[in-house]
Amino acid sequence: MKIGIEKIGFYTPHIYVDMEKLAEARGVEPAKFTIGIGQSQMAVAPITQDSVTLAANAALSIIDDEDREKIDFVIFGSESGIDHSKSGAVYVHRLVGLNPHARAVEVKQACYGATAGIQMAKGHVALNPESKVLVLGSDIARYGLDTPGESTQGAGAVAMIISANPRIMELESHNVYLTNDIMDFWRPIYSDKAFVDGKFSNEQYILFFNKVWEVYKEKSGLELSDMEAICYHLPYTKMGLKALRTVLEEAPEVDRERLLENYQVSTLYNRNVGNIYTGSLYLSLLSLLENKDDLKEGARIGMFSYGSGAVGELFSGVLQPNFREHLNIEGHNKLFDTRKEVSIEEYEQIFNETLPEDGADIELDIDKDPAPIVLSGVVDNKRQYVNKRS
Ligand code: COA
């Protein structure tokens with residue numbers, strides 16, 4: 001039985017910052033951000049968006065009534081969840097109107113959470129071929145104003161339906177995974193901003209990729225020439241390129257050129273959204289699928305997932321006949337085209353505008369946020385969510 005991605009969609013907030021302007025404000029050469037880091041624009045989350053609303057908006061963009069009936073498992077991958085106890089999946093389940101007879105859980109392992117979700121979904125569908133699983137990767141990346149990580153912030157979510165009817169990509173089964181207890185990036189529960197050992201994190205990302213790639217080749221019998229492209233978890237778009245370059249020498253010139261060219265296409269969306277942690281790898285896949293016009297059915301895409309702390313996984317998928325008909329290129333172009341740029345002063349103000357931490361109630365102005373699903377406030381320590389369409 002084939003199991004894989006039946007649908008994929010994403011959502012990012014309606015406002016962003018221009019990275020050249022951020023560089024100027026921080027007294028940094030703009031080329032450091034646009035070339036050295038590889039980011040052009042950075043999505044900014046208004047106070048009316050959190051990981052739940054971002055995920056719900058992404059899910060809303062792909063599900064129809066048949067999905068609402070058949071989805072019986074919601075897996076919410078996040079490292080910026082809104083509650084230590086209740087899962088974000090339960091809120092999304094209600095906000096998009098799913099069948100009550102469903103499981104709903106949150107999965108955490110830094111940026112690896114959605115990948116864990118996809119693999120759990122595969123197992124669920126193998127046992128229940130009629131089921132569909134909604135897998136979400138949703139995050140707001142916050143490192144702090146004027147910190148080394150600031151240029152690698154972002155906000156957004158990817159939603160995928162995993163089923164035995166993989167209209168877009170069949171997921172192959174020769175996955176290779178790796179865990180090692182390291183402190184390259186973490187966020188203690190008392191902090192709303194991440195701690196990161198940036199250089200160490202870069203080194204570990206590449207080391208993990210090299211280790212899983214070596215075992216993947218042995219296990220699958222495949223090599224670089226079998227890959228149309230490799231998509232990477234992208235905390236910033238230069239990161240995957242650093243990893244790809246470490247193995248390129250293994251391939252003949254023609255494969256090297258193809259992989260480098262396709263790498264650039266796979267980073268277009270991420271370059272203009274920033275880091276969305278759990279969703280980043282899947283945003284990269286979407287970028288490749290929606291921007292590479294001559295991708296053919298049967299093409300194999302490698303996928304490298306990395307979640308600091310750390311867990312890495314390398315797996316692959318094969319594109320299905322007519323996969324392009326099941327994408328939402330127009331919708332995603334519109335999402336980008338209707339975004340508004342905010343100044344650095346406005347971004348700083350929005351960044352500092354946070355929900356009360358003392359249990360006080362708050363009512364938020366939802367009219368400024370064009371998203372269908374928004375956070376309208378907090379009452380009695382309960383976040384209030386609104387689906388403007390229902
Ligand atoms: N023009 C072009 N490139 C420039 C430049 C300029 N004027 N100035 C600097 N650069 C390049 C550097 O050469 C470097 O490239 P390289 O990594 O290919 O050598 C890159 O820009 C970044 O410069 P660096 O001095 O290393 O930046 P930094 O010390 O400010 O930190 C990160 C960069 C990514 C480590 C930091 O943003 C961070 O900690 N991010 C969060 C953690 C993270 O994303 N980890 C990844 C694994 S998940």
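The analysis underlying the following values was restricted to heavy atoms, covering all of them including side chains, and did not include hydrogens, waters or symmetry mates. First listed ligand is number 1; within each ligand, the first listed atom is number 1.
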Quiz item: Is Tyr205 close to ligand 1, meaning an N/O of one under 3.5 Å from an N/O of the other?
Solution: no
Quiz item: Considering only protein heavy atoms, which is closest to atom 42 (C) of ligand 1, and at what distance to one decimal place?
Solution: Val196 CG2, 3.4 Å
Exercise. Please write down residue, atom name and distance for the protein heavy atom closest to atom 44 (O) of ligand 1.
Key: Pro235 CB, 3.4 Å
Quiz item: Which of these passes side-chain contact (heavy atoms from CB on, under 4.5 Å) with Asn210: Leu207, Val212, Ile206?
Solution: Ile206
Quiz item: So which bit of Ala31 gets within less than 4.0 Å of ligand 1, heavy atoms only: side chain, backbone, both or neither?
Solution: both
Quiz item: Can you tell which of Pro148, Gly36, Gly240 gets a heavy atom nearest to atom 11 (C) of ligand 1?
Solution: Gly36
Self-check item: Where at least one partner belongs to residues 270-315, residue pairs that pass ring-ring contact (aromatic ring centres under 6.0 Å, His included), sequence neighbours excluded
Solution: Phe185-Tyr277, Tyr205-Phe304, Tyr205-Tyr306, Phe208-Tyr306, Phe209-Phe304
Quiz item: Cationic tip of Lys86 within the cone over Tyr91's six-membered ring, i.e. under 6.0 Å and within 45° of the normal?
Solution: yes
Practice problem: Compute the minimum heavy-atom distance from Lys242 to ligand 1 and say whether it is under 4.0 Å. | Solution: yes
Practice problem: Tell me which protein heavy atom sits closest to atom 26 (O) of ligand 1, plus the residue, atom name and distance to 0.1 Å. | Solution: Lys199 NZ, 2.3 Å
Quiz item: Which ligand 1 atoms does Thr152 reach within 4.0 Å, using its non-hydrogen atoms?
Solution: 37 (O), 40 (N), 41 (C)
Quiz item: Do Met160 and Leu319 share a hydrophobic cluster (ILVMFWY, side-chain heavy atoms under 4.5 Å, transitive)?
Solution: yes
Exercise. Could you check atom 15 (O) of ligand 1 against the protein and tell me its nearest heavy-atom contact, residue, atom and distance included?
Key: Lys238 NZ, 3.7 Å
Quiz item: Which ligand 1 atoms, with their elements, are less than 4.0 angstrom from a heavy-atom of Glu29?
Solution: 7 (N)
Practice problem: Could you establish whether Tyr143 and ligand 1 come within less than 4.0 Å of each other, counting only heavy atoms on the residue side? | Solution: yes
Self-check item: Residue pair Glu257 / Glu261, side-chain heavy-atom distance below 4.5 Å
Solution: no
Self-check item: Polar atom proximity, Lys32 to ligand 1 (N or O, under 3.5 Å)
Solution: yes
Self-check item: Tyr11 and Tyr269 aromatic centres sub-6.0 Å
Solution: no
Practice problem: Please confirm whether Arg142 makes a cation-pi placement over Phe351, using NZ or CZ under 6.0 Å from the six-membered ring centre and within 45° of the ring normal. | Solution: yes
Practice problem: Among all protein heavy atoms, pick the one closest to atom 33 (C) of ligand 1 and tell me residue, atom and distance. | Solution: Ile37 CD1, 3.9 Å
Quiz item: Polar-atom distance check: Tyr236 versus ligand 1, any N or O pair below 3.5 Å?
Solution: no
Exercise. Determine, stepwise, if the pair Glu250 / Trp213 fulfils side chain to side chain donor-acceptor pair (under 3.5 Å).
Key: CA-CA 12 Å; Glu250 295 174 13; Trp213 173 240; 3.1 Å; yes
Exercise. Working to the nearest 0.5 Å, report the span between CD of Glu313 and CG of Leu281.
Key: 10.0 Å
Quiz item: What closest approach, in Å, do Glu106 and Ser78 show between heavy atoms, and which atom pair accounts for it?
Solution: OE2-CB, 4.4 Å
Quiz prompt | Contact check: Ser201 vs ligand 1, nitrogen or oxygen atoms, below 3.5 angstrom | solution = yes
Quiz item: Is atom 13 (O) of ligand 1 less than 4.0 angstrom from some protein heavy atom?
Solution: no
Quiz item: Considering only protein heavy atoms, which is closest to atom 39 (O) of ligand 1, and at what distance to one decimal place?
Solution: Gly198 CA, 3.4 Å
Quiz item: Is there a side-chain contact between Val176 and Lys219 (heavy atoms, below 4.5 Å)?
Solution: yes
